[in-house]
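When a ligand or atom number is given, it counts from 1 through the structure's own listing order.
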Amino acid sequence: HLRRRDEQEEEDTPITRFQKYLRINTAHPNPDYSSAISFLNSQAQSIGLRSQILLLTPDKPILIVTWPGSDPSLSSILLNSHLDSVPAEPDKWDHPPFSAVRTSDGKIFARGAQDDKCIGMMFLEAIRNLRELHNFRPIRTIHLSYVPDEEIGGLDGAAKFVGSKEFEELNVGFVLDEGQASTTDEFRVFYSDRSPWNLIIRAVGTPGHGSRMYDNSAMENLMKSVEIMTRFRETQFDIVKRGWAASWEVISVNPVYLKAGIPSPSGFVMNMQPSEAEAGFDVRMPPTADPDLLKQRIADEWAPASRNMTFQITEKGPMRDHMGHPLMTSIDDSNPWWSVFKQAISAAGEKLAKPEILASTTDARFMRQKGIPTLGFSPMKNTPILCHDHNEFLQDTVYLKGIKVYESILVSLSSFNGISS
Ligand SMILES: CSCC[C@H](NC=O)C(=O)O
Ligand SMILES: [Zn+2]
Ligand SMILES: [Zn+2]
């Protein structure tokens, strides 16, 4: 006999706890961080873990949960996830994005189900099982961090966190942060991110009657740039389409807004050519790309002063570590953490795909900048990639499997004794 849904959801199980976290609306622009933190904190307490809340920015709390290891002289393991989500357009979803509905085929629908509330809860459930079912005791200390604002650049989140004295005190030797779902039977793992720039180009030009043909209007100047940038975009995209490079190996330049025209009550004035126009672009660079070369190209071709153009680049976070090296975690035997991680995945009976660079960007770049080896990993396989998409969901069995995978990872990492600091 089928039980009623509300009866099922009154139970306290890994799935209902995941649903509870998903129902807390931490989407921008008004993320409810305080409810998320108190929920996670109560979960940590119910497992018997220590926790502390950092308020490095008003209204943007960071939660740190700690499971002390038996050898505090060893560096610790940090599992990081972000509290926030991108917004959702409820009208375009089959289920309300903060309902966390589980359909009869086991799909849990919610904004954040994949990105990245799944891992934040898997961490806690894995620790709960290791303590309660397996009576496991780590040698290295394990910390969990829950940070705000990843989706808007992380400056008041992970960036401030890694710069704090509290972070120093954690003595972190290795970090796992979020990755991305895999559509195959192999898990994906990421050793670097592309670096994001926000690029705004602005044109000024001669205003005039809408009927006149003349050179050097703001719109003409801007649109020439857009054409040149579109051609550059195509050269990069063609390389990917031909299979010569992965999407993370090229520079992406995608237009995200166009702004021009003289507003009128019914829309825009149609018989005036405006004197100003601008466009915004999301630019992503592979970690090994030369940022100065791209800056030169922008100054020479995309926004040349000769065409009455100016530009503004906002670099969203670091691109190099203190040694001037690109932010990449090594994935060869020079990095013992990599070997331990790989071995933990096989011990869980799972396979890893070839390590990748993430085409988008995560908080991992702030940890890598501190010189701490950091991998991006979200154990979701045979799963469509739905981060930032409508109808984001995660299959219940995939979620439960992820907990098991983290149990294996935590046992291996926290028992690893080979590096003394
Ligand atoms: C500009 S930093 C923003 C980080 C964000 N992260 C996930 O989507 C991204 O756009 O990749
Ligand atoms: Zn994310
Ligand atoms: Zn995201």
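- Cation-pi geometry between Lys370 and Phe366 is not met: the NZ or CZ atom fails to fall both under 6.0 Å from the ring centre and inside 45° of the normal.
- Of all N, O or S atoms in Glu151, the one lying closest to the Zn ion (ligand 3) is OE2.
- Tyr191 and Trp248 have perpendicular rings, their planes meeting at more than 60° on a 0 to 90° scale where under 30° would count as parallel.
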Take Lys165 and Glu168 through the salt bridge (charged side-chain N to carboxylate O under 4.0 Å, His left out) test and state the conclusion after the steps.
CA-CA 5 Å; Lys165 68 171 191 326; Glu168 262 343 291; over 6 Å; no
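- Distances shorter than 4.0 angstrom do not occur between any heavy atom of Glu315 and any atom of ligand 1.
- The proximity of Arg365 to ligand 1, defined as any non-hydrogen pair under 4.0 Å, is limited to the side chain.
- When the Zn ion (ligand 3) is compared with the N/O/S atoms of Asp115, atom OD2 turns out nearest.
- Under a 3.5 Å cut-off, the side chain of Glu278 and the backbone N or O of Lys259 do not form any donor-acceptor pair.
- In this structure, a donor-acceptor pair under 3.5 Å is present between the side chains of Asp84 and His28.
- Protein heavy atom in closest approach to atom 10 (O) of ligand 1: Arg284 NH2, 2.8 Å.
- Of all protein heavy atoms, the one closest to atom 5 (C) of ligand 1 is Thr361 O, 3.6 Å.
- In terms of distance to the Zn ion (ligand 2), the nearest N, O or S atom of Glu178 is named OE1.
- Scanning all protein heavy atoms for the shortest distance to atom 7 (C) of ligand 1 gives Glu151 OE1, 3.3 Å.
- If you look at His82 and ask which of its N, O or S atoms sits nearest the Zn ion (ligand 2), the answer is NE2.
- Any N or O atom pair closer than 3.5 Å counts here, and Glu150 shares at least one such pair with ligand 1.
- Looking at Leu56 and Ile62, their side chains come closer than 4.5 Å, going by heavy atoms from C-beta outward.
- Here the side chain of Thr16 pairs a donor or acceptor atom with the backbone of Thr13 at under 3.5 angstrom.
- For His388, the N/O/S atom at the shortest distance from the Zn ion (ligand 3) is named NE2.
- Under a 3.5 Å cut-off, the side chain of Glu301 and the backbone N or O of Ile298 do not form any donor-acceptor pair.
- In terms of N/O distances under 3.5 Å, ligand 1 is approached by His388.
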